[in-house]
Amino acid sequence: MDWNEIIMEEPFSFLKACFFDEQLRKVQKKGNKAMQSTPYFHYKRVPLKEAYFRDYQFILKRYHNEYIKWIHQWEKFINEKYIRLTS
């Protein structure tokens, strides 16, 4: 599958991919992971939400509430599984 197919067939999964694409660069900036280059999911080495800006905006608007809820659930999962263990 390419990104256009994912956008058309699994738009919410595309939003999740955009989220993780952005999170990779945030982790790298913190210096917690040694990466030789800046990670991107798109072959042009640009953020997904920029490469597919119109699609991203449309899908985000359509799924905004569900997306925010998913982000909160994901952050809760990560905090419970990893952050609480290291505290």
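When reading the values below, keep in mind they use all heavy atoms of this one structure, side chains included, and skip hydrogens, waters and symmetry mates. Please read these numbers as outputs of a predicted model, since none were measured by experiment.
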Visitor: Taking the six-membered ring for Trp and the full ring for Phe, Tyr or His, determine whether the centres of Y56 and W3 are under 6.0 Å apart.
Guide: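 Distance test on ring centres: not under 6.0 Å, no.
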
Visitor: Using the side chain to side chain contact (heavy atoms under 4.5 Å, CB included) criterion, which residues pair with K76? Sequence neighbours excluded.
Guide: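 With neighbours one apart ignored, the set is E80.
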
Visitor: Taking only residues two or more places apart in sequence, or in another chain, which ones meet Q23 in a side-chain hydrogen bond (donor to acceptor under 3.5 Å, both in side chains)?
Guide: none

Visitor: Please round to the nearest 0.5 Å and tell me the distance separating atom CZ of F14 and atom CD1 of I6.
Guide: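 Interatomic distance, F14 CZ to I6 CD1, rounded to 0.5 Å: 8.5 Å.
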
Visitor: May I have the step-by-step check of side-chain contact (heavy atoms from CB on, under 4.5 Å) for K16 and W74, ending in yes or no?
Guide: CA-CA 10 Å; K16 291 177 182 180; W74 176 253; over 6 Å; no

Visitor: Please round to the nearest 0.5 Å and tell me the distance separating atom CD1 of I59 and atom SG of C18.
Guide: 7.5 Å

Visitor: Within a strict 4.5 Å, meaning less than it, do heavy atoms of the M8 and E5 side chains meet?
Guide: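 Answer no - side chains too far apart.
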
Visitor: Compare all side-chain heavy atoms of L24 with those of F41 and state whether any distance is below 4.5 angstrom.
Guide: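 Touching, per the 4.5 Å side-chain cut-off.
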
Visitor: Return yes when atom CZ of F58 has more than 12 non-hydrogen atoms of other residues, nucleotides or ligands closer than 6.0 Å, and no otherwise.
Guide: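 It does not: F58 CZ has 12 such atoms or fewer within range.
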
Visitor: Can you list the residues that meet the side chain to side chain contact (heavy atoms under 4.5 Å, CB included) rule with K61, with sequence neighbours excluded?
Guide: none

Visitor: How long is the gap from NE2 on H64 to CG on L15, to the nearest 0.5 Å?
Guide: 10.0 Å

Visitor: Membership question, hydrophobic clusters at under 4.5 Å side-chain separation (ILVMFWY): are V46 and F20 in the same one?
Guide: no

Visitor: Atom CD in Q73, atom CD1 in I78: separation rounded to 0.5 Å?
Guide: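 Taking CD in Q73 and CD1 in I78, the distance rounds to 13.0 Å.
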
Visitor: Apply side chain to side chain contact (heavy atoms under 4.5 Å, CB included) to Q57 and list each qualifying residue two or more places apart in sequence or on a separate chain.
Guide: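 Listed in chain order: F53.
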
Visitor: Once side chain to side chain contact (heavy atoms under 4.5 Å, CB included) is applied, do any residues pair with Y43, and if so which ones, sequence neighbours excluded?
Guide: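 By the side chain to side chain contact (heavy atoms under 4.5 Å, CB included) rule, Y43 matches no residue at all.
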
Visitor: Hey, would you say the F19 and W70 ring centroids sit under 6.0 Å apart?
Guide: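 Yes - the distance between ring centres of F19 and W70 falls below the 6.0 Å cut-off.
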
Visitor: How would you list, by chain and number, every residue that makes a side-chain hydrogen bond (donor to acceptor under 3.5 Å, both in side chains) with R25, sequence neighbours excluded?
Guide: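 R25: side-chain hydrogen bond (donor to acceptor under 3.5 Å, both in side chains) contacts with D21.
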
Visitor: As an exercise, state the distance from CG of L60 to CZ of F12, rounded to the nearest 0.5 Å.
Guide: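 Between atom CG of L60 and atom CZ of F12 there are 10.0 Å.
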
Visitor: If you draw a 6.0 Å radius around NZ in K69, do more than 12 non-hydrogen atoms from other residues or ligands fall strictly inside?
Guide: no

